Student: 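Mind looking over this structure? Questions follow.
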Amino acid sequence: MGGRVRIPVPPERLRRGPLREGAFTKRLHDERTTALIGLALGIAFAILFITGLISHLIQKPPAWFLWPSRPVNLYRITQGLHVAAGIAAIPLLLAKLYAVYPKLFVWPPARDPAHLIERISLLPLVGGSLFMFVTGIWNVAGFEPWGFFFPVAHYWGAFITIGALIVHLAAKAPVIRRGLARRERDIAPAGSGLTRRGFLTSIAGASVALTVATIGQTIAPLRRIAILAPRDPRVGPQGIPVNKSAQAAGVTQSAIDPAWRLTVAGNVSRPLSLSLEQIRAMPSHEAVLPIACVQGWSSLARWRGVRVRDLLAAAGAPPDAEVLVESLQPAGQFRASTLNRLHASDPDTLLAYEVWSEPLHIDHGHPLRLIGPNRPGVMQTKWVSRLTVR
Ligand SMILES: Nc1nc2c(c(=O)[nH]1)N[C@H]1C(S)=C(S)[C@@H](COP(=O)(O)O)O[C@H]1N2
Ligand SMILES: [Mo]
């Protein structure tokens with residue numbers, strides 16, 4: 001770096017408090033500790049980014065992306081992993097911030113332009129990470145006090161954070177390599193009872209404890225010990241949680257109106273308008289499928305209804321049809337969803353009118369709800385009134 005432009009060093013008399021020489025000497029702030037925590041955090045960020053991107057692509061598919069309808073539980077796993085990894089990474093993030101905060105006070109504040117850029121890139125990295133964790137956890141907890149739409153903010157926040165992380169990793173590569181390679185004797189630093197190993201073990205223990213206390217919201221046998229899980233996957237009408245009730249969706253009248261009909265229209269040769277009686281008279285099919293919510297909980301149930309592909313065939317829709325499924329719900333982001341050609345033609349994709357052999361509860365989507373394999377919960381539209389074939 002010899003020939004580089006140097007940034008002038010500020011006057012020495014500013015070196016007080018945390019800025020003074022040797023203000024931080026603890027082993028818990030050294031290169032090896034920060035590199036090891038960083039490695040674990042980096043793996044968590046990679047899992048979070050990939051699983052988050054998958055969930056985004058399913059909900060807003062570009063032309064090149066076709067999400068399959070099999071395996072049935074794939075989305076349940078990727079999204080369960082997304083939320084579980086986010087929760088498990090909380091102690092890692094806090095430990096990383098603790099381990100590196102003395103770096104805020106390095107002297108001189110910036111040696112050269114490259115150092116300055118590297119330090120400025122920490123702003124979107126730390127800010128972005130905190131934003132992603134706070135908004136993600138609020139969302140999982142069902143708490144949304146913000147004036148912007150969560151998925152959009154969480155999506156763009158991910159790119160800012162990951163972009164800043166890549167810059168950070170490139171700038172820090174030599175330090176990281178040194179930190180991971182170095183092995184010196186692990187002794188408790190003066191004035192602290194905690195060795196590096198003790199510190200790292202405590203963080204790992206906190207991650208495991210948080211995971212065990214929440215993972216039961218998607219792995220049913222562990223629900224008894226899921227004392228911190230925002231959801232119990234068994235609690236709700238007919239043993240399934242409800243996110244949006246009929247009341248909240250504004251469909252308490254329209255969903256029980258005897259004049260309700262299912263319309264099948266669009267690119268079809270025989271448009272249909274069917275009463276629930278007529279639909280119940282059609283061949284029915286049963287499927288055991290989960291509701292796999294983006295918030296990380298999931299719940300399995302046995303559904304009965306009519307196959308979407310049978311309705312499409314009855315209406316004379318072309319094979320490979322894509323279908324817009326609309327709800328009685330007058331407004332709201334989740335009032336409609338799209339079935340791509342794989343989901344529309346899957347034999348287990350149903351418009352269900354029964355769950356666990358009982359008529360569907362109004363909060364689960366009476367008179368008809370969409371339920372299909374390998375779909376996010378937000379795309380399992382309730383109170384269906386119209387299929388539009390494209
Ligand atoms: N019309 C409509 N359908 C909807 C929603 C909604 O808000 N409106 N919420 C979705 C979400 S986020 C989930 S997780 C599932 C939950 O279905 P359940 O309430 O039967 O468990 O319904 C989906 N279907
Ligand atoms: Mo959901």
Side-chain angles (χ1 to χ4, degrees), residues 51-52 54-56 58-60 73 75-76 78-80 82-83 136-144 149-151 154 217-218 220 223 229-256 260 262 287-305 308 323-339 343 349-356 358-388:
T51 51
I54 290 172
S55 187
H56 174 85
I58 297 169
Q59 293 171 66
K60 297 238 168 9
N73 286 303
Y75 182 76
R76 192 186 197 184
T78 63
Q79 192 61 15
H82 183 79
V83 173
I137 286 153
W138 276 352
N139 178 270
V140 165
F143 172 65
E144 299 208 7
F149 190 49
F150 168 77
H154 203 63
Q217 68 167 340
T218 192
R223 73 185 195 285
R231 288 287 187 156
D232 183 326
R234 301 287 175 93
V235 172
Q238 299 172 322
I240 311 162
V242 169
N243 262 9
K244 178 82 95 196
S245 66
Q247 174 98 45
V251 299
T252 46
Q253 294 309 310
S254 53
I256 56 168
W260 173 91
L262 173 71
V288 175
L289 295 171
I291 298 279
C293 184
V294 291
Q295 293 171 312
W297 60 268
S298 71
S299 188
L300 203 64
R302 196 178 72 242
W303 311 87
R304 173 179 291 280
V308 167
V323 182
L324 177 70
V325 181
E326 282 175 281
S327 173
L328 291 168
Q329 188 183 338
Q333 186 71 15
F334 308 138
R335 65 167 301 280
S337 70
T338 300
L339 289 164
H343 286 253
T349 299
L350 311 178
L351 288 182
Y353 43 75
E354 271 181 18
V355 63
W356 297 123
E358 288 174 21
L360 207 57
H361 190 283
I362 191 167
D363 286 338
H364 288 312
H366 168 88
L368 280 188
R369 84 161 306 153
L370 177 62
I371 184 84
N374 199 26
R375 292 172 70 73
V378 289
M379 295 172 74
Q380 310 278 31
T381 310
K382 303 195 276 193
W383 315 292
V384 172
S385 63
R386 186 183 171 92
L387 304 183
T388 309

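As the structure is a computational prediction, the values presented were derived from the model and not from experiment. When a ligand or atom number is given, it counts from 1 through the structure's own listing order.
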Student: Measuring from atom OG of Ser245 to atom NZ of Lys382, what distance do you get when rounded to the nearest 0.5 angstrom?
Tutor: 7.5 Å
Student: Taking 4.0 Å as the limit for heavy-atom contacts, which would you say applies to Asn243 with ligand 1: side chain only, backbone only, both, or neither?
Tutor: both
Student: Under 4.0 Å, heavy-atom basis, I'd like to know which part of Lys244 is in contact with ligand 1: side chain, backbone, both or neither.
Tutor: side chain
Student: Evaluate the side-chain proximity of Thr338 to Val323: yes if any heavy-atom separation is below 4.5 Å, no if none is.
Tutor: no
Student: At under 4.0 Å between heavy atoms, which part of Arg369 makes contact with ligand 1: side chain, backbone, both or neither?
Tutor: side chain
Student: Return yes if a side-chain donor-acceptor contact under 3.5 Å exists between Thr381 and Ser337, otherwise no.
Tutor: yes
Student: With nothing but distance in play, are any N or O atoms of Gln380 less than 3.5 Å from an N or O of ligand 1?
Tutor: yes
Student: Do ligand 1 and His364 have nitrogen or oxygen atoms that lie under 3.5 Å from each other?
Tutor: yes
Student: Aromatic rings Trp303 and His364: how do their planes relate, parallel, tilted or perpendicular, breaks at 30° and 60°?
Tutor: perpendicular
Student: For ligand 1, is there an N or O atom under 3.5 Å from any N or O atom of Ser327?
Tutor: yes
Student: Below 4.0 Å from any atom of ligand 1, is there a heavy atom belonging to Gly332?
Tutor: no
Student: With a 4.0 Å heavy-atom cut-off (strictly under), which part of Gln329 contacts ligand 1: side chain, backbone, both or neither?
Tutor: side chain
Student: Using a 4.0 Å heavy-atom threshold (strictly under), name the region of Pro241 that reaches ligand 1: side chain, backbone, both or neither.
Tutor: backbone
Student: Which heavy atom in Gly305 sits nearest to a heavy atom in Leu350, and how many Å separate them?
Tutor: N-CD1, 4.1 Å
Student: Are side-chain N/O atoms of Ser298 and Thr218 paired as donor and acceptor at under 3.5 Å?
Tutor: yes
Student: Using distance alone, determine whether Arg335 and ligand 1 share an N or O pair under 3.5 Å.
Tutor: no
